[in-house]
Amino acid sequence: MRFLVTGGAGFIGSNYCRLILKKYPDAQVTILDALTYAGNLSTIEDLLHSGRVRFYAGRIQDPVVVNGLIKAEKPDYIVNFAAESHNDRSLLESGSFIQTDVAGVHCLLEATREHGVERMLHVSTDEVYGTIDEGKFYEDSPIMPNTPYSSSKAGGDLQARAHHISFRTPVVVTRGGNNYGPWQYPEKLIPFFVIRLLDGKKVPLYGEGTQVREWIHVLDHCEGIDAALHNGKPGEFYNIGDESNEKENREVVRILLEETGRDESLVKKIEDPRKGAHDKRYSMGTEKAQRDLGWKPTRNFETSLRETVRWYKDNQTWWRAITELPSYKDFIASFYGKYLGEDL
Ligand SMILES: NC(=O)c1ccc[n+]([C@@H]2O[C@H](COP(=O)([O-])OP(=O)(O)OC[C@H]3O[C@@H](n4cnc5c(N)ncnc54)[C@H](O)[C@@H]3O)[C@@H](O)[C@H]2O)c1
């Protein structure tokens, strides 16, 4: 089984590679990753030493790179994790989101069709549906994204849909909830808060922290993606979330404070930098995935979140090296500087 995993040096992609190498003894994995600020070879060092993984640096929107790689590596499957993935960064600069999340997906779809790749799985997000006060979004709910990030992801989803309808390209799309777990780039909410709390630094909470997010452990998400790759129907979309884990941000922060041994004095409430309304609640119904894919999430949120905190405690060499890089420091300073002031 030959996999081309794009964005495999990032958070979810690297977890997915570990999962399939364990699950399929005959799996050979090629990773294509542009190594943006979010992609690090240190995240996949163990994989590169396994003898079953080959790494190429390149961008998914570059047809020369993508076509050359597919001709050389002849993958059965393409699984696309490559993305500009941070909402807050998309508020500072959004052009790269269009390039990767729309043009990049289009380039992979074209290559899938041209080279007769057996199946492409495109990883998307619940954020394409926008915000919902009550009830849940289903796969046929309208697409109403509210940020440059989520609108670029919606653009990629629509490319996939149209490619399947127009050309019968064998693509399946999954939409995941908010992920947590090991190897997440330390500017995203959970690792950012954990590493700051471990160092006794203040954490910035938007407003009262009442935004609701549905969390899914990264391995539950990766298992759902793999189930959709093998059991999903081309042209279909599948919500991969964990409905039992709908939490207000302040509740997540409470567990993080407890597990790091800190208290409320380290929480600094800040004005929400999103000028439009901050998406209040994301929530997805996952009946279709559970019925058609033979998948369901199994991990308990609180237990797994506490395990995740311990993982960051035990893997400080990895994240401390990243937090020393200018790409990390500059973003934190430019985004949070005015809110955290001397607490930065
Ligand atoms: N993190 C979440 O909570 C979450 C939830 C639902 C869906 N998703 C989706 O899952 C996917 C992976 O998310 P993640 O959290 O692992 O992101 P990430 O930012 O940790 O990793 C993205 C990876 O893609 C690479 N990349 C970026 N632009 C590229 C390009 N043009 N060509 C090749 N590689 C490129 C980066 O170097 C990085 O390794 C994304 O599509 C994201 O939208 C994420």
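Given the structure is predicted, the values throughout are model-derived calculations rather than measurements.
- Put simply, the side chain of Asn300 gets close to the backbone of Thr303: a donor and an acceptor are under 3.5 Å apart.
- For Glu208 and Lys269, the salt-bridge test passes: some basic side-chain N is under 4.0 Å from an acidic carboxylate O.
- Salt bridge present: Glu302 and Arg306 bring a charged side-chain N and a carboxylate O closer than 4.0 Å.
- Electrostatic pairing of Arg213 and Glu248 does not count as a salt bridge here, judged by no charged N lying under 4.0 Å from a carboxylate O.
- Residue Asp314 places its CG atom among more than 12 non-hydrogen atoms of other residues, nucleotides or ligands, all under 6.0 Å distant.
- The side chain to side chain contact (heavy atoms under 4.5 Å, CB included) with Gln184 is formed by just one residue from the set Trp319, Tyr312, Trp311; it is Tyr312.
- The cationic group of Arg175 lies under 6.0 Å from the six-membered ring centre of Tyr129 and within 45° of the ring axis, placing it in a cation-pi geometry.
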Checklist entry - Should Phe301 and Tyr180 be marked as a ring-ring contact (aromatic ring centres under 6.0 Å, His included) after you check the CA-CA gap, both sets of side-chain angles, and the distance that decides it? => result CA-CA 9 Å; Phe301 179 70; Tyr180 67 99; 5.2 Å; yes

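- The cationic group of Arg113 lies under 6.0 Å from the six-membered ring centre of Phe167 and within 45° of the ring axis, placing it in a cation-pi geometry.
- Classification of Glu258 and Arg254 as a salt-bridged pair holds, one side-chain N sitting under 4.0 Å from a carboxylate O.
- More than 12 heavy atoms of other residues, nucleotides or ligands shown are found within 6.0 angstrom of NZ on Lys313.
- Although no hydrogens or angles enter the test, the distance criterion places no donor-acceptor pair under 3.5 Å between the side chain of Thr174 and the main chain of Val123.
- Applying the ring pair (Phe, Tyr, Trp, His ring centres under 6.0 Å) test between His86 and each of Tyr185, Phe331, Tyr37 identifies Phe331 as the sole match.
- In this view, Tyr56 satisfies the ring-ring contact (aromatic ring centres under 6.0 Å, His included) rule with no residue, not counting sequence neighbours.
- Electrostatic pairing of Lys288 and Glu139 does not count as a salt bridge here, judged by no charged N lying under 4.0 Å from a carboxylate O.
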